[in-house]
Amino acid sequence: QVQLVESGGGLVQAGGSLRLSCAASGRTFSNAAMGWFRQAPGKERAIVAAMNSATTYYTASVKGRFTISRDNAKNTVYLQMNSLKPEDTAVYYCAARRSLGVTDVAAAYDYWGQGTQVTVSS
């Protein structure tokens with residue numbers, strides 16, 4: 001059974017940093033795409049960043065502030081978030097695909113974590 005478990009969310013002041021972690025079990029994702037999505041109250045779930053072994057993707061609003069990375073030995077993907085803004089407040093979800101292609105389409109991801117709350121105060 002595949003499980004994705006996020007950690008690292010919390011409350012931070014604007015301008016601060018957080019690092020989210022997503023530990024995968026039940027399957028190796030070193031040859032698959034993994035990503036981070038977020039969902040703010042009243043809004044749809046949207047891509048933040050995604051990557052495979054060759055490609056990384058960032059939504060425009062986080063470019064230069066967020067970095068996605070992975071440690072294949074630990075089967076873990078990270079999201080380093082710097083210069084956080086109040087508009088980054090959301091529940092952040094880790095997601096993984098069975099296949100390699102990086103996409104910003106949530107429906108294309110096969111596995112999801114339970115989400116972790118990130119709150120940025122002004």
Side-chain angles (χ1 to χ4, degrees):
Q1 182 180 358
V2 174
Q3 281 192 313
L4 303 178
V5 179
E6 302 104 333
S7 61
L11 173 64
V12 64
Q13 288 188 331
S17 298
L18 284 173
R19 188 175 84 153
L20 305 183
S21 299
C22 172
S25 60
R27 178 190 172 101
T28 298
F29 289 100
S30 58
N31 292 321
M34 297 189 74
W36 289 94
F37 288 74
R38 64 187 178 187
Q39 187 167 19
K43 295 189 177 181
E44 292 189 356
R45 193 171 298 189
I47 187 77
V48 176
M51 69 177 298
N52 59 19
S53 57
T55 302
T56 55
Y57 169 87
Y58 296 95
T59 194
S61 62
V62 308
K63 282 182 180 178
R65 299 189 297 123
F66 291 12
T67 303
I68 188 171
S69 62
R70 67 199 299 169
D71 184 334
N72 289 331
K74 295 182 179 179
N75 215 19
T76 298
V77 65
Y78 303 97
L79 185 68
Q80 177 67 43
M81 305 185 294
N82 299 328
S83 302
L84 282 160
K85 304 176 181 180
E87 52 263 44
D88 295 317
T89 295
V91 177
Y92 283 70
Y93 296 91
C94 174
R97 302 191 70 195
R98 294 189 188 96
S99 60
L100 188 60
V102 170
T103 176
D104 61 355
V105 178
Y109 287 78
D110 303 292
Y111 307 102
W112 290 87
Q114 81 287 351
T116 185
Q117 177 71 46
V118 171
T119 303
V120 184
S121 63
S122 58

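Keep in mind that the numbers below use all heavy atoms, side chains included, and drop hydrogens, waters and symmetry copies.
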If you group Ile, Leu, Val, Met, Phe, Trp and Tyr by side-chain heavy-atom gaps below 4.5 Å, do [X] and [Y] land in one group?
X	Y	answer
Met34	Val2	yes
Ile68	Ile47	no
Val48	Trp112	no

Report the distance from atom [atom1] of [X] to atom [atom2] of [Y], rounding to the nearest 0.5 Å.
X	Y	atom1	atom2	value
Tyr58	Met51	OH	CE	7.5 Å
Gln80	Leu18	CD	CG	8.5 Å
Tyr57	Thr103	OH	OG1	8.5 Å
Gln13	Ser122	CD	OG	9.5 Å
Gln1	Tyr111	CD	OH	10.5 Å
Ser61	Glu87	OG	CD	8.5 Å

Pairs meeting criterion side chain to side chain donor-acceptor pair (under 3.5 Å) with involvement of residues 62-75, two or more places apart: Arg65-Asp88, Arg70-Asn72
Only one of Gln117, Gln39, Met81 passes side-chain contact (heavy atoms from CB on, under 4.5 Å) with Tyr92; say which it is. Met81
Keeping [X] on the side-chain end and [Y] on the backbone end, is there a donor-acceptor pair under 3.5 Å?
X	Y	value
Asn52	Leu100	yes
Thr89	Val120	yes
Glu6	Cys22	no

Which heavy atom in [X] sits nearest to a heavy atom in [Y], and how many Å separate them?
X	Y	result
Ala90	Ala40	CB-N, 3.9 Å
Ser17	Ser83	OG-N, 4.4 Å
Arg97	Ala108	NE-O, 3.0 Å
Gly101	Ala33	O-CB, 3.3 Å
Leu79	Ala49	CD1-CB, 4.2 Å
Val12	Gly16	CG2-CA, 3.8 Å

Residues Val118, Leu20; criterion side chain to side chain contact (heavy atoms under 4.5 Å, CB included); working and verdict: CA-CA 9 Å; Val118 171; Leu20 305 183; 4.1 Å; yes
If you apply the rule side chain to side chain contact (heavy atoms under 4.5 Å, CB included), what do you find for Tyr93 with Leu4, and how did you get there? CA-CA 9 Å; Tyr93 296 91; Leu4 303 178; over 6 Å; no
Check whether any side-chain heavy atom of Thr76 lies under 4.5 Å from a side-chain heavy atom of Phe29, and answer yes or no. no
Side chains of Phe37 and Tyr109: closer than 4.5 Å at any heavy-atom pair? yes
Qualifying salt bridge (charged side-chain N to carboxylate O under 4.0 Å, His left out) pairs with a residue from residues 9-28, counting only residues at least two apart or across chains: none
Under the side chain to side chain contact (heavy atoms under 4.5 Å, CB included) criterion, do Cys94 and Trp36 qualify, and how do the steps go? CA-CA 5 Å; Cys94 174; Trp36 289 94; 4.0 Å; yes
